Amino acid sequence: MTTTERIGVWNQVVGQESAVETLTAAASAAAKIIAGEPAPPGAMTHAWLLTGPPGSGRSVAARTFAAALQCSTGTGCDACPGCHTTMAGTHADVRLVVPEGLSISVAEMRALVQAAARRPTTGNWQVVIIEDADRLTEGASNALLKAVEEPPDRTVFLLCAPSDHPEDVSVTIRSRCRLVTLRTPPPGAIADVLVRRDHVDPERAQWAASVCGGHVGRARRLATDEAARQRRATVLRIPLGLRRPSDVFTCADQLISAAEADAGEASKSRDEDERNELRTAMGGDGVGKGVAGAKRAAEAAVKQLEKKQKSRATRTQRDTLDLALIDLAAFYRDVLVTSTRSGATLNHPDHADQIAEAASSWTAESTLRRLEAVLECRDAIDLNVKPRIAVEAMVTTLRQG
């Protein structure tokens, strides 16, 4: 079943035919369970682990599956209230956990597990979607494990993670989940969804799909946002732009500044809206007698919110910087592909001339050292090394080769 042949909410899932087949069968079985009819054994279970590389659409697949579970027909028709509210993020029985900071805390997970133990109010199931389950702290994992071991009858847990490796998801949780593996979507499927869903010009859609590295969200940003295209171009000028020692600091600053700008754009309006809504909800903007206490409480709550927003901004900045580093790593990979004449598809086909120039100037060994420097920089940032220090060390190696 291809993307264009799918019906309802499943059209949102790009290039994942095998996963969609498994999840549609489970949704159908779930509808039979709700109706009190016999369901195929093993088709539906209470805990799922959706894995796949960044951009493969793990969270989209999870939300789509949740919509099908709440669908009045069990198919994900995209026409009933259950489908609409789930896809819009407003369904009372679908809880989406998105890490605001660098991890998901034990307190947050305990509160979620307690809420998920209740019976559904308006839907068929209580559905808990945990994006980036690899960010669960050890305590949060233990709290979740208790719920997964003894799940309520009408509760379903959907975990999303890069892989089922113990570094991403604990072995005990993994053993209690049914695994659904997503692949990197092919460029054709990405281009098709950009044209069909986002009304992007077909030529630009093909270009964005060919350079996004299989990341659907990134393809959409590149196709629709000129600033995103400019940031990518800035990153890809770095490999051949390191001619003088001073270029090391200039290029490092460009990388950090681009990540900060991207994070700032993503957070600014959202942060302000959250602060205003919180003040209004707590009466902090009231006037007249008796409002002093409300204002003090509101300001204290706003300070807590700002702390949370700062943590979220740090995560957004690191995620944005990581995308830039992935682009850099892909450039050096393309240089190796070109110098070895392997015939593999380039990740940056629109920079084929620059890649060929680098391949003719660098040895394979120096290119590999540069690639390793980028990967080491990603690891260092993941271990909480200050991004600027890690990036400057990386760019120094990129220049020296």
Side-chain angles (χ1 to χ4, degrees), residues 2-4 13-19 51-58 162-163 165 181-195 200-223 228-229 231-242 251 322-379 394-395 397-401:
T2 64
T3 302
T4 53
V13 185
V14 181
Q16 308 294 344
E17 284 70 27
S18 177
T51 66
S56 57
R58 300 183 301 253
S163 75
H165 191 277
T181 303
L182 277 63
R183 61 172 182 157
T184 298
I190 297 174
D192 173 70
V193 79
L194 290 177
V195 173
V200 174
D201 174 77
E203 186 174 348
R204 174 158 287 174
Q206 290 288 349
W207 169 80
S210 71
V211 302
C212 70
H215 195 299
V216 180
R218 183 114 197 277
R220 185 179 184 278
R221 285 195 297 274
L222 289 170
R229 294 193 287 273
R231 282 191 289 271
R232 174 178 176 269
T234 298
V235 169
L236 294 180
R237 280 196 292 269
I238 290 174
L240 296 179
L242 294 167
C251 290
D322 193 57
L323 281 176
L325 294 176
I326 289 171
D327 275 340
L328 264 183
F331 183 94
Y332 293 112
R333 175 264 184 195
D334 286 353
V335 173
L336 287 172
V337 166
T338 301
S339 63
T340 58
R341 297 181 175 85
S342 73
T345 301
L346 297 182
N347 284 315
H348 299 299
D350 55 338
H351 284 68
D353 290 343
Q354 295 93 318
I355 290 166
E357 179 183 346
S360 65
S361 304
W362 303 338
T363 64
E365 291 79 6
S366 67
T367 303
L368 189 57
R369 283 194 294 271
R370 291 176 167 101
L371 175 57
E372 288 173 343
V374 179
L375 300 180
E376 287 170 2
C377 180
R378 294 184 67 202
D379 289 340
M394 174 195 73
V395 178
T397 302
L398 297 186
R399 181 177 180 273
Q400 294 172 346

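Worth saying up front: this structure is predicted, and the values here are computed from it rather than measured. Each residue takes its place number in the sequence, starting with 1.
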Steps toward salt bridge (Lys or Arg N to Asp or Glu O under 4.0 Å) verdict (Asp350, Arg229)
CA-CA 12 Å; Asp350 55 338; Arg229 294 193 287 273; over 6 Å; no
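- When the options Arg231, Gln354, His348 are evaluated for a side-chain contact (heavy atoms from CB on, under 4.5 Å) with Leu236, the one that passes is His348.
- Checking side-chain atoms of Ser339 against main-chain N and O of Leu336 turns up a donor-acceptor pair under 3.5 Å.
- Note that the CG atom of Leu325 and the CE atom of Met394 stand 5.5 Å from one another [nearest 0.5 Å].
- Going from atom CG of Leu371 over to atom CG of Asp334 covers 10.5 Å, rounded to the nearest 0.5 Å.
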Run the numbers on Arg378 and Ile326 for side chain to side chain contact (heavy atoms under 4.5 Å, CB included), then give the verdict.
CA-CA 9 Å; Arg378 294 184 67 202; Ile326 289 171; 3.8 Å; yes
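- The two atoms that bring Pro202 and Val195 nearest to each other are CA-CG2, 3.8 Å, heavy atoms only.
- Counting only heavy atoms from C-beta outward, the side chains of Leu242 and Gln400 never approach each other to under 4.5 Å.
- Once rounded to the nearest 0.5 Å, the distance linking OG1 of Thr367 with CD1 of Ile355 reads 11.5 Å.
- Nearest heavy atoms, Leu222 versus Trp207: O-CZ3, 3.8 Å.
- Thr184 and Gly214 get closest at one heavy-atom pair: CG2-CA, 3.5 Å.
- A 4.5 Å side-chain heavy-atom check between Tyr332 and Leu328 finds at least one atom pair inside the cut-off.
- Note that the CZ atom of Arg58 and the CG atom of Leu182 stand 8.5 Å from one another [nearest 0.5 Å].
- The two residues Ala356 and Thr338 have their closest heavy-atom pair at CA-CG2, 4.3 Å.
- Of all the heavy atoms in Ala358 and Phe331, the pair that sits closest is CB-CE2, 4.4 Å.
- A heavy-atom distance below 4.5 Å is not found between the side chains of Thr397 and Val374.
- Closest non-hydrogen pair, Pro187 versus Ala209, comes out as O-CB, 3.3 Å.
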Arg183 vs Glu17, test: side chain to side chain contact (heavy atoms under 4.5 Å, CB included). Steps then yes/no.
CA-CA 10 Å; Arg183 61 172 182 157; Glu17 284 70 27; 3.3 Å; yes
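- Between the side chain of Asn347 and the backbone N or O of Gly213 there is no donor-acceptor pair closer than 3.5 Å.
- Using a 4.5 Å heavy-atom cutoff, the side chains of Cys212 and Arg221 are not in contact.
- Atom CG of Asp379 sits about 7.5 Å away from atom CD of Glu376, to the nearest 0.5 Å.
- Defined by atom type and a distance below 3.5 Å, a donor-acceptor pair is missing between the side-chain atoms of Arg369 and Ser366.
- Side-chain N or O atoms of Arg218 include none that pairs as donor or acceptor with a backbone N or O of Val211 at under 3.5 Å.
- At least one side-chain heavy atom of Pro185 sits under 4.5 Å from a side-chain heavy atom of Gln16.
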